[in-house]
Structures are given as structure tokens and as C-alpha cells.
Novice: 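Sharing a structure below in C-alpha cells format, with a few things to ask.
Just so it is clear: chains get the letters A, B, ... in the order the sequence lines come, proteins before strands, and each one is counted from 1.
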There are 2 protein chains.
Amino acid sequence: MLHVAEAARVSVATVSALINGTATVSPELSQRIEQAIRDIGYKRNAIARSLKMGTTRTIGLTVPHITNPFFTDVVSVIQQAFDRAGYAVMLCCTDEDLNTQDDQIRLLLDRMVDGLIVARVGDGAILKGIVEDANVPVVLLDRVCEGVDTDTVVLDNQRAVFDAVTYLIDLGHRRIGYISGSFDISPMHDRMAGYREALQAAGLPIESELVRFGNFHEVDGYNATMQLLSLHDRPSAIFSANNPMVIGTMKAIRDIGLSCPEDISVACFDDFPWSDVFQPQLTTVAQPVKAIGEQAANLLLDRLSGNRDAPPRKLALKGRLMIRNSCRPIGAPLGAVAQSVSA
Amino acid sequence: MLHVAEAARVSVATVSALINGTATVSPELSQRIEQAIRDIGYKRNAIARSLKMGTTRTIGLTVPHITNPFFTDVVSVIQQAFDRAGYAVMLCCTDEDLNTQDDQIRLLLDRMVDGLIVARVGDGAILKGIVEDANVPVVLLDRVCEGVDTDTVVLDNQRAVFDAVTYLIDLGHRRIGYISGSFDISPMHDRMAGYREALQAAGLPIESELVRFGNFHEVDGYNATMQLLSLHDRPSAIFSANNPMVIGTMKAIRDIGLSCPEDISVACFDDFPWSDVFQPQLTTVAQPVKAIGEQAANLLLDRLSGNRDAPPRKLALKGRLMIRNSCRPIGAPLGAVAQSVSA
DNA sequence: AACGCTAATCTAAACGTTTCGAACGTGTCA
DNA sequence: TGACACGTTCGAAACGTTTAGATTAGCGTT
């Protein structure tokens, strides 16, 4: 900018005024300055600007795994929303690891992001400390977090799983295996609560041998399913509380020589693009991904535009059970699929 | 830092020296300073540091669509690599749009990223101009780019498609539909070349009615497939040059009342997590995603660590044909699948 | 002619670091 | 005793912006 100013024989203040339109500058000087900008190929240094202005027009986004289709979609939607608003987004993947997550939030805060969208945090206390230090608006995604009282957008997880498990029960299933993610994040509590609630509502016992835990990865789903399938009295249906794990479930079923839905019914959390293309077409709980991402972005954008003092807003969206053909009625002839019963 | 210096009754220079270890500071002062840092809860301002140092320890990454499984994986790998190296990554999705891409590269350059990984650029000339202005190392991913002579990592696309189409021919297919992405990016040229080369090598005619173009999205694959299937003499196999489009292909096949592989064989580019779980298990060309991402990251990291003058390095990696059961031998009994023939 | 008003422009301080070179105190050596 | 080196600490400039407030010029009023 100094060079531009010299070339145009004006002060840097005038150049800045012209660029930002913060003051009127005469047509004559405007032209000289614009010419100089072109000649020199000047580009404003956003770092210097950020330092002075105290804003980077950049937000931080952390998710556990970008390869989980839910987060893939959410990231995509959020990225688009901030792009439209002229913000850049820094993406971090925490790999479901608490320390990694803390490090990355610090990394983002160090870089003076203007705001933060955090999906699936672990321990609330740590996040709370980090976030209170840096005085930056935060929106929590996909989970509530004890002690961190801030904007939040989540799914009504309990209700969603309740609906899915009730659907299985209505099909005649009595022994329903449940594969949960590890319990340190709230959605897994709520989803489990939905499972138990559905069983209780139907007067079915809650049997601990039917509940398995995994760490969200395909291999965990595989192992959990293997255990469930080798039970003496094996379940007739399995619900997986997480999407990547259901891949493991399907592979375990195949490897053990069974087939879905003939021998065992399967449903899971999170829809994905291929779910209705191949056989079996998985019955899933679809999250309103687009709405979730957009709401989160709007919440943050609103804070960013100055609305800092409004009380925290908590949004809970509804999931939707996508009934396909991976669950079959118990007792019905083998050819029957779910739709014919649930109609 | 000023406050810390005051509280510890030293100069800011000393604080900086201690923090960065750039000069020895006496144990006594060290302790006072560290105490002050804790008391105040001081965090170094990375923006000010970047301004002074001329480096942001941030890189920019642009991809067309994060929802394309190839890019999802590549982004994931790249993110991890830079995370390990202490870099943040700014992610942009260009939606296959040239203007969007230019805007976003400018956005990233404005923010003084230290380096750039660009996947799937359109016009080389524009990129070239942008990149030459900002003197920042760039690595090109997934495509070569005329006129931009810089580090590049791509797949040997022609060979990969040649292998896949040859496989189809070996199965007895004679009319093979081909769905290409739009032609303004190099992989689509190369993949098409592979298709033509395979046909020619087998002495088969190249029929333009069998070749369709789409814009990389599911809906494009759907439309293209609909056209291919309503041909008077419809193809017995379809190869889709892009992964999202093959979803459309499968849906079109289903909607038209055909089934794969009984009525029509399908293969496509890019493997995905579900490919061997459901039926049909799609035969795909798998890219070595992990290697591609890591190589790209290493190339950039190397430049970032000072190796600026080395001549541009061009890496071409080999794809791998994952033979599953979505393609059947022509003329063989209906139950037969690909493996039994290709053994 | 002196005055005030407005519009255009400029000067200089500030943002929070890093770093160069100077300054200071202390001990060593001639 | 003075010169010198060494280890530690500090002052101040610099990075490239923004912006408050000062300055200037032009013009209409009284």
C-alpha cells in the first residue's frame, strides 16, 4: 500500500479510504490510485488488516471425522454458507480424540478465528475453559455439553432412536441388538435412552448382552456384530447408533455367512447417498443435515454480525426414519419386506 | 505480551526471547515471566506474529466437492498430515465452478496462506496468473494443468480406464457406454483416452452415441444413463468416469426396471467404503487415496521447509481395478459373475 | 477582510509481535 | 587500573494496515 501511495503521489490514508470507501476521495486521485494499484498489482494484506481490525473473517470448524457421511454433508453445507458470507473456514478433524480436539481448538483460537463451530466435543469443562478465555462465539453441533451454555443445534436423538427401535418391535422383533458409540458424548446417551425407552414401552426386557460399545469406526462395528451374532440366542435385528460402524456390521453378517434381511434385520443412524441404491437398501435414521448445517451457520453468523448478548439458543431438530428393505417382519414369509407391513 | 512484560517487570523483548527460546534468559526472570504468563492467561497472538514473520502456518486447500468420496478421503489425509506438522488448513469447495475457484484461491491468498493445494482446476492460465502474483508454492492434485509448471500428483488415469474397459471387453462386452465428466479438466481427457484406447486395442468401433457427458453430479449420471438405456441397441455395460454420477446410473437402471449385473454391467471410477458391502458390489477403479494425499502434503511441506528452487516434481500414481460382482460375462449363464472369468 | 463551513487530504499513532543492535554489569587478563 | 569479552537485558524499529484528528483549500457570509 505504501508503494501504491508513492506511485500515486498520495498518502496511504487516502489509498485506504478509497479501497474501503470510508471517505470520499476526488475522482482525480481515485483514478491515479486505481492506476497505481493495477500497475503494481497490489493486493491488500489481510493479516495486517486483521491485526488492526481485530477480526479475521475466518471461522474454525472441528468435526470428529470428515469421512462420516453426516459430517461430510454438514461440513459441506457450513462451508458453503460461510463462503457466501465472505468468511473462510478452517477445518480440523479430531478423530474422536479429546486431546486432539483441545489442541485443535487452541490452534484455531491462536489464529484468532472470529467464531467456532464445534461438533461432538468430549468433556465440557475443558471446552468451557478454552472458550471462555478466548472471547469468541461458539456454536455446538450434534451434541449438548454440560456447563457450556452457548448456541447449540442438535438432533432429538432419543426420539429418533425410539422411533427406529419401535419400528423394529412392530415388525415382530423381540431381541434387538444395539451397537453404541462410546459414551462420552451426549448423542450416544440420548440414543441409548431411546433404545431403552422403546423396549420398555413395549414391555420388553433390557438385556445387557444385547448392547455393545464401539469407538465409531467400521472395525468396532464389525467386532460388536461378531459378538452379537455369536450369542447363544442371537438377536433378530441390530441397530447401529453410528454410520461407519454399520459397514462393519454388514461385513460381519456377510463373513459369518448370514444375509440381511433374511437372517437378520439391520437399521442404523445417519443416511448416506448410496443407501437406496444397493441391496439391501438400509433403513436409516436420516438427520436433516442441510438444516442442521445451515442453522449452525446462521447462529454463528448472527453472533458475528454483532448480536453477542442474546441468550444462548438451543435448537433440536427432528430426525426421520427412512424405511427401506433391510428389516423384515418376524414370522412373515421370507419374501416379505418391511414396507408391506409398515404401510 | 505487554501486560506480561509489565507484570514481570521486564521488557517485551525478554518475554519474546523466552517464549521463542531465541536468547538465553536468566532463571530468575524466566520464572517471573512464566508466572506472569500463567497469572494473566497470556496467549500469543498468531496474527501479529504472522504479520511480522511473513508466515501464517496455514495452507489453503480447494476441492470441487467434499461429498465426492475421493475428495473426502484426500481432504482427510491432507488435513491429518498438516495437522501433524503444526499447520492449519483452510478448506474451500469450488463446486466444479471456475469462477468460484478463482474467487476462493484469491480469498486464500489474501489471507496469506503459506501454500496451496489445488484439486481439479479448470483453466490453467487463470490459475497461473493468480499463483504467479502471490509467490506461494502450489501443488496440483488430481489433474495436470497446461502452463502451470509446478508440483503435481495425479493418477495415471488413461491406464486405469484402459484396464477397466479392457476388463469389460474380456468379459465379452462389445457395446460399452461411457459417461464422462465435462471436458475442461484433464482427468476427463485422460480417462476418455483410456476408453478409446481399450476399444481400439480390441478392434472395436468408437461410437459417439455410447459416450455421454455430465457435470459430475448424481443427476447427470442419471440422465446420461437414461439416454444410454433408451438407445435402440443399448449397451451391455456402462462405465462411469466419476463416482457421484454412478449413483445416478444405478438409480436409472433401477427406475427403468433393469437390474445390475443381470441386465447391465456397471463399473466406475473411485472406490468408496460401501462398495463391497451391498449388492451389487461395484467394480471400481480405486485410487491410492492415502498415497495421493500424503504425497501432495509432503511435496508442499518440502517446499514450505525451504526447498523452493527444486524443479517441479510430477508424480503419477497407479490406480487399481477392484473387481467385484457388478459386471457379468456376456454369454455366460446368468449366475456367473466376473471373478469366475477373470481368474 | 475576516470568518466559518465543508470537503479532501494528510500525519501519526496504534494493533502485537520479532529482532537488531546497543547498553549494562561482571569477571578476566594484561 | 583499564581494556576487553561475555552473558543478559532492553529500546526501538519494523511488519502493513486503519483511523482519529489535524491541516488545507475553496467558497459563501457578514
Novice: In this structure, how many angstroms lie between the P atom of D:dT9 and the CD atom of B:Glu6, rounded?
Specialist: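 Nearest whole value for this atom pair: 18 Å.
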Novice: Might you confirm whether atom CD of B:Gln35 has over 12 heavy atoms from other residues, nucleotides or ligands at distances under 6.0 Å?
Specialist: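 Yes, enclosed.
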Novice: Write down the distance between CZ (B:Arg9) and P (D:dT9), rounded to a whole number of angstrom.
Specialist: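 Atom-to-atom, B:Arg9 to D:dT9, this comes out as 13 Å.
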Novice: Would you name the heavy atoms of A:Arg111 and B:Ala88 that are closest together and state the gap between them?
Specialist: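 Closest pair (atom of A:Arg111, atom of B:Ala88, distance): NE-CB, 3.5 Å.
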Novice: Name the one of A:Thr72, A:Leu155, A:Asp73 that satisfies side chain to side chain contact (heavy atoms under 4.5 Å, CB included) with A:Val289?
Specialist: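 Exactly one candidate clears the test, A:Asp73.
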Novice: Measure the distance from CD1 on B:Ile37 to P on C:dG16 and round it to the nearest whole Å.
Specialist: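 One finds 16 Å between P of C:dG16 and CD1 of B:Ile37, rounded.
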Novice: Among D:dC15, D:dG11, C:dT9, which nucleotide sits nearest the side chain of A:Ala23?
Specialist: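 Selected nucleotide: C:dT9.
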Novice: Which is true for B:Met1 with a 4.0 Å heavy-atom rule: it touches a base, it touches only sugar-phosphate, or it touches nothing?
Specialist: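 Base contact.
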Novice: Can you figure out which of C:dT9, D:dT18, C:dT17 approaches the side chain of A:Val12 most closely?
Specialist: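 Looking only at side-chain atoms, A:Val12 lies closest to D:dT18.
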Novice: Please state whether the phosphate of C:dC10, meaning OP1 or OP2, lies under 4.0 angstrom from any side-chain nitrogen or oxygen of A:Thr14.
Specialist: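 Checking C:dC10 against A:Thr14, a side-chain N or O does come within under 4.0 Å of OP1 or OP2.
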Novice: Between A:Asp184 and A:Arg143, does at least one N-O distance fall below 4.0 Å, as a salt bridge requires?
Specialist: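 Looking at A:Asp184 and A:Arg143, the cut-off is not met.
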Novice: Between B:Leu2 (CG) and D:dA12 (C1'), how many Å, whole number?
Specialist: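 Taking CG of B:Leu2 and C1' of D:dA12, I get 14 Å after rounding.
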Novice: What is the distance, rounded to the nearest whole Å, between atom CD1 of B:Ile33 and atom P of D:dT8?
Specialist: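 Checked: the CD1 to P distance equals 13 Å.
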Novice: Would you call A:Asp149-A:Lys314 a salt bridge at under 4.0 Å N-O?
Specialist: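 Salt bridge: yes.
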Novice: Does atom CD of A:Glu6 have more than 12 heavy-atom neighbours from other groups under 6.0 Å away?
Specialist: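 More than 12 heavy atoms, drawn from other residues, nucleotides or ligands, come within 6.0 Å of this atom.
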Novice: Using a 4.0 Å heavy-atom cut-off across all strands, classify B:Ser16 as base, sugar-phosphate, or nothing.
Specialist: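 Base contact - B:Ser16 has a heavy atom under 4.0 Å of at least one base atom.
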Novice: For C:dC15, does OP1 or OP2 lie under 4.0 Å from any side-chain N or O of B:Asn45?
Specialist: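 For B:Asn45, the contact criterion (side-chain N or O under 4.0 Å from OP1 or OP2 of C:dC15) is not met.
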Novice: Using a heavy-atom cut-off of 4.0 Å across all strands, would you classify A:Leu29 as base, sugar-phosphate, or nothing?
Specialist: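 Sugar-phosphate contact only.
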Novice: So which nucleotide from C:dA8, D:dA14, D:dT17 ends up closest to the side chain of A:Ser26?
Specialist: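 Of C:dA8, D:dA14, D:dT17, C:dA8 is nearest to the side chain of A:Ser26.
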Novice: Which nucleotide sits closest to the side chain of B:Lys52: D:dT17, C:dT17, C:dT11?
Specialist: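 From the listed options, C:dT17 comes nearest.
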Novice: Select base, sugar-phosphate, or nothing to describe what A:Ile47 touches, counting heavy atoms under 4.0 Å on all strands.
Specialist: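 Nothing: the residue A:Ile47, judged by heavy atoms under 4.0 Å, touches no strand.
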Novice: Please state how far atom CE in A:Met112 lies from atom P in C:dC15, giving the value in whole angstrom units.
Specialist: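 Distance, rounded to whole Å: 14 Å.
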Novice: As a test of reading the structure: which of C:dC10, D:dC10, C:dT19 is closest to the side chain of B:Val10, going by heavy atoms?
Specialist: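 Nucleotide nearest to B:Val10's side chain: D:dC10.
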Novice: Please tell me if B:Arg49 has a side-chain N or O lying less than 4.0 Å from either OP1 or OP2 of D:dC15.
Specialist: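 Negative; the distance criterion is not met.
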Novice: If each of A:Ala13 and B:Glu28 is mapped to the nucleotide of DNA chain D with the nearest heavy atom, which maps nearer the 5' terminus, i.e. the 5' end?
Specialist: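 The residue whose closest nucleotide sits nearer the 5' end is B:Glu28.
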Novice: Take the protein atom CD1 of B:Ile19 and the nucleotide atom C1' of C:dT19, then report the distance between them rounded to whole Å.
Specialist: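 That distance rounds to 14 Å.
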Novice: Is A:Thr24 near enough to C:dA8 that one of its side-chain N or O atoms lies under 4.0 angstrom from OP1 or OP2?
Specialist: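 For C:dA8, OP1/OP2 do have a side-chain N/O of A:Thr24 under 4.0 Å.
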Novice: Taking the minimum atom-to-atom distance to the side chain of B:Leu51, which one of C:dT9, D:dT9, D:dC15 wins?
Specialist: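 Of the candidates, D:dC15 comes closest.
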Novice: CZ of B:Arg44 versus P of C:dG16: gap in Å, rounded?
Specialist: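 So the two atoms are 15 Å apart, to the nearest Å.
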